[in-house]
K.L.:
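I have a structure I would like to understand better, so I am pasting it below and will then ask my questions one at a time.
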Amino acid sequence: MKTAIVVFPGSNCDHDAYHVMRHVLGLQAEFVWHKQTSLKGFDLVILPGGFAHGDYLRCGAIARFSPIMEAVADHARKGGPVFGICNGFQVLIEAGLLPGALLRNRGVAFINRDVWVRVENDRTRLTGLCRPGQVLQMPIAHGEGNYTADPGTLARLEGEGRVLFRYVSPSGELDDRFNVNGSANAIAGIVNEAGNVFGMMPHPERNAEPLLGNAQGLVLFESLAGLRPGAEAA
């Protein structure tokens, strides 16, 4: 598997994603500058966290027009997996590749802390190695992570099993105190209708190896890569 890590001006988690794919999992990975127009030869596309173009206007609103995004959309249309993390999730929403919107956090403050998310659907390429209902502890770092959508869209996401993660208590219970940004239905991550475009606000690339004291995010990258848990690519 060969992974493209898309880099926008202001990306700051691109090297984290590259490190997980290349050095932790031993897979091929390359940075792709946002002005490039082709993703030929890549199997997986990751849009990393950060502040693309300074997050002026709205988060992801300018990055959505970067030349590479046409190639990202084409990759998705052909069934290729695309994974947007934090700012990458925001870009995918602005590009229309995922539904809904990400608003200012409920407390109108930037939040940088660990949260707990519960796996709601373990039958996707991103979550296939997770257990149903598994609770993962991950860091967040965002000011606009309050997921919202119109009632019809929320109903479809829920009814079609497209909610991947919810913010929960450490024991896995829904509790508004732990829905730190105020997201509708405590949604922390979703998947598109075709099942190949994923977006989430927490940062699994920041806790993907034991050296960091928490490697619970690694299971998502292992799942994307089609690896056994704990296995490295040949």
Side-chain angles (χ1 to χ4, degrees), residues 5 8 10-20 24 46-52 54-56 58-60 63 83-94 98 100-121 126-127 130-131 133-149 163-191 198-224:
I5 313 292
F8 301 97
S11 295
N12 64 13
C13 299
D14 43 346
H15 283 268
D16 304 71
Y18 178 90
H19 174 72
V20 173
V24 178
I46 295 178
L47 275 61
F51 302 90
D55 277 347
Y56 292 110
R58 295 181 309 277
C59 294
F83 184 25
I85 304 169
C86 195
N87 193 219
F89 185 14
Q90 295 163 336
V91 174
L92 290 176
I93 285 181
E94 289 288 338
L98 287 172
L102 288 158
L103 308 179
R104 290 290 298 174
N105 295 339
R106 177 167 51 189
V108 198
F110 189 91
I111 305 174
N112 182 11
R113 53 163 287 183
D114 275 5
V115 296
W116 292 265
V117 297
R118 188 176 68 201
V119 177
E120 299 293 273
N121 183 346
L126 180 65
T127 58
C130 298
R131 302 185 308 275
Q134 182 174 359
V135 176
L136 302 171
Q137 182 179 352
M138 294 184 189
I140 59 169
H142 59 249
E144 297 181 22
N146 181 354
Y147 182 80
T148 189
V163 175
L164 298 182
F165 308 101
R166 293 189 208 277
Y167 299 106
V168 293
S169 70
S171 60
E173 302 299 322
L174 284 173
D175 185 328
D176 194 56
R177 292 175 299 171
F178 294 92
N179 181 9
V180 295
N181 53 33
S183 290
N185 298 3
I187 291 173
I190 61 173
V191 60
F198 311 95
M200 65 185 300
M201 288 309 296
H203 285 272
E205 80 285 7
R206 293 186 179 181
N207 65 324
E209 55 185 324
L211 181 65
L212 300 175
N214 175 355
Q216 294 181 37
L218 184 60
V219 65
L220 302 185
F221 295 99
E222 290 174 325
S223 182
L224 274 175

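Atoms considered below: every heavy atom in the structure, side chains included; atoms not considered: hydrogens, waters and symmetry mates.
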K.L.:
Identify the heavy atoms of Val135 and Gln216 that sit nearest to each other, and give their distance.
P.N.:
O-OE1, 3.7 Å
K.L.:
To the nearest 0.5 Å, what is the distance between OH on Tyr18 and CD on Glu205?
P.N.:
15.5 Å
K.L.:
Just how far is it from atom CG of Leu92 to atom CG of Leu98, taken to the nearest 0.5 Å?
P.N.:
5.0 Å
K.L.:
Measure the shortest side-chain to side-chain distance between Gln137 and Asn207 over non-hydrogen atoms and say whether it is less than 4.5 angstrom.
P.N.:
no
K.L.:
Does Ala188 have any side chain to side chain contact (heavy atoms under 4.5 Å, CB included) partners at least two apart in sequence or in another chain, and if so, which?
P.N.:
Val117, Phe165, Tyr167, Pro202
K.L.:
With a sphere of 6.0 Å drawn around CZ of Phe110, does it hold more than 12 non-hydrogen atoms of other residues, nucleotides or ligands?
P.N.:
yes
K.L.:
Please tell me if the side chains of Val163 and Asn185 come closer than 4.5 Å, counting only heavy atoms from C-beta onward.
P.N.:
no
K.L.:
Are Asp16 and Pro48 packed together at the side-chain level, in the sense that at least one heavy-atom pair is separated by less than 4.5 angstrom?
P.N.:
no
K.L.:
What is the distance from atom CG of Leu126 to atom CG of Leu164, rounded to the nearest 0.5 Å?
P.N.:
6.0 Å
K.L.:
Show the nearest heavy-atom pair for residues Asn146 and Ala184, with the distance to one decimal.
P.N.:
OD1-N, 4.3 Å
K.L.:
Please name the pair of heavy atoms, one in Thr127 and one in Val119, separated by the smallest distance, quoted to 0.1 Å.
P.N.:
CB-CG1, 4.2 Å
K.L.:
Which atom names give the shortest non-hydrogen contact between Glu144 and Met201, and what distance separates them?
P.N.:
O-CE, 3.9 Å
K.L.:
Please confirm whether the backbone N or O of Ser183 pairs with a side-chain atom of Asn181, one donor and one acceptor, at under 3.5 Å?
P.N.:
yes
K.L.:
Taking all non-hydrogen atoms of both residues, which atom of Gly100 and which atom of Ile93 are closest, and how far apart?
P.N.:
O-CG2, 3.1 Å
K.L.:
Locate the shortest heavy-atom distance separating Leu220 from Pro204; write the atom from each residue and the value.
P.N.:
CD1-CB, 3.9 Å
K.L.:
Could you tell me which residues satisfy salt bridge (Lys or Arg N to Asp or Glu O under 4.0 Å) with Glu94, sequence neighbours excluded, listed by chain and number?
P.N.:
Arg58
K.L.:
In chain order, what residues pass the salt bridge (Lys or Arg N to Asp or Glu O under 4.0 Å) check against Arg206, with sequence neighbours excluded?
P.N.:
none
K.L.:
How long is the gap from CD on Glu120 to CD1 on Ile190, to the nearest 0.5 Å?
P.N.:
13.5 Å
K.L.:
Tell me if a side-chain donor or acceptor on Arg118 pairs with a main-chain N or O of Gly172 at a distance below 3.5 Å.
P.N.:
yes
K.L.:
Using side-chain heavy atoms (C-beta onward) and a distance below 4.5 Å, is Phe198 in contact with Leu224?
P.N.:
yes
K.L.:
What residues, two or more places apart in sequence or in another chain, satisfy salt bridge (Lys or Arg N to Asp or Glu O under 4.0 Å) together with Asp114?
P.N.:
none
K.L.:
Any non-hydrogen side-chain atom of Phe178 less than 4.5 Å from a side-chain atom of Val168?
P.N.:
no
K.L.:
Counting C-beta onward and ignoring hydrogens, is there a side-chain heavy-atom pair between His142 and Leu102 closer than 4.5 Å?
P.N.:
no
K.L.:
So do the side chains of Asp176 and Arg106 get within less than 4.5 Å of each other, counting heavy atoms only?
P.N.:
yes
K.L.:
Taking C-beta and beyond as the side chain, do Asn87 and Phe8 meet within less than 4.5 Å on heavy atoms?
P.N.:
no
K.L.:
Going by side chain to side chain donor-acceptor pair (under 3.5 Å), name the residues that satisfy it together with Glu209, two or more places apart in sequence or in a different chain.
P.N.:
His19
K.L.:
Under the rule for salt bridge (Lys or Arg N to Asp or Glu O under 4.0 Å), what residues qualify as partners of Arg113, not counting sequence neighbours?
P.N.:
none
K.L.:
Distance from Cys13 atom SG to Leu47 atom CG, nearest 0.5 Å?
P.N.:
12.0 Å
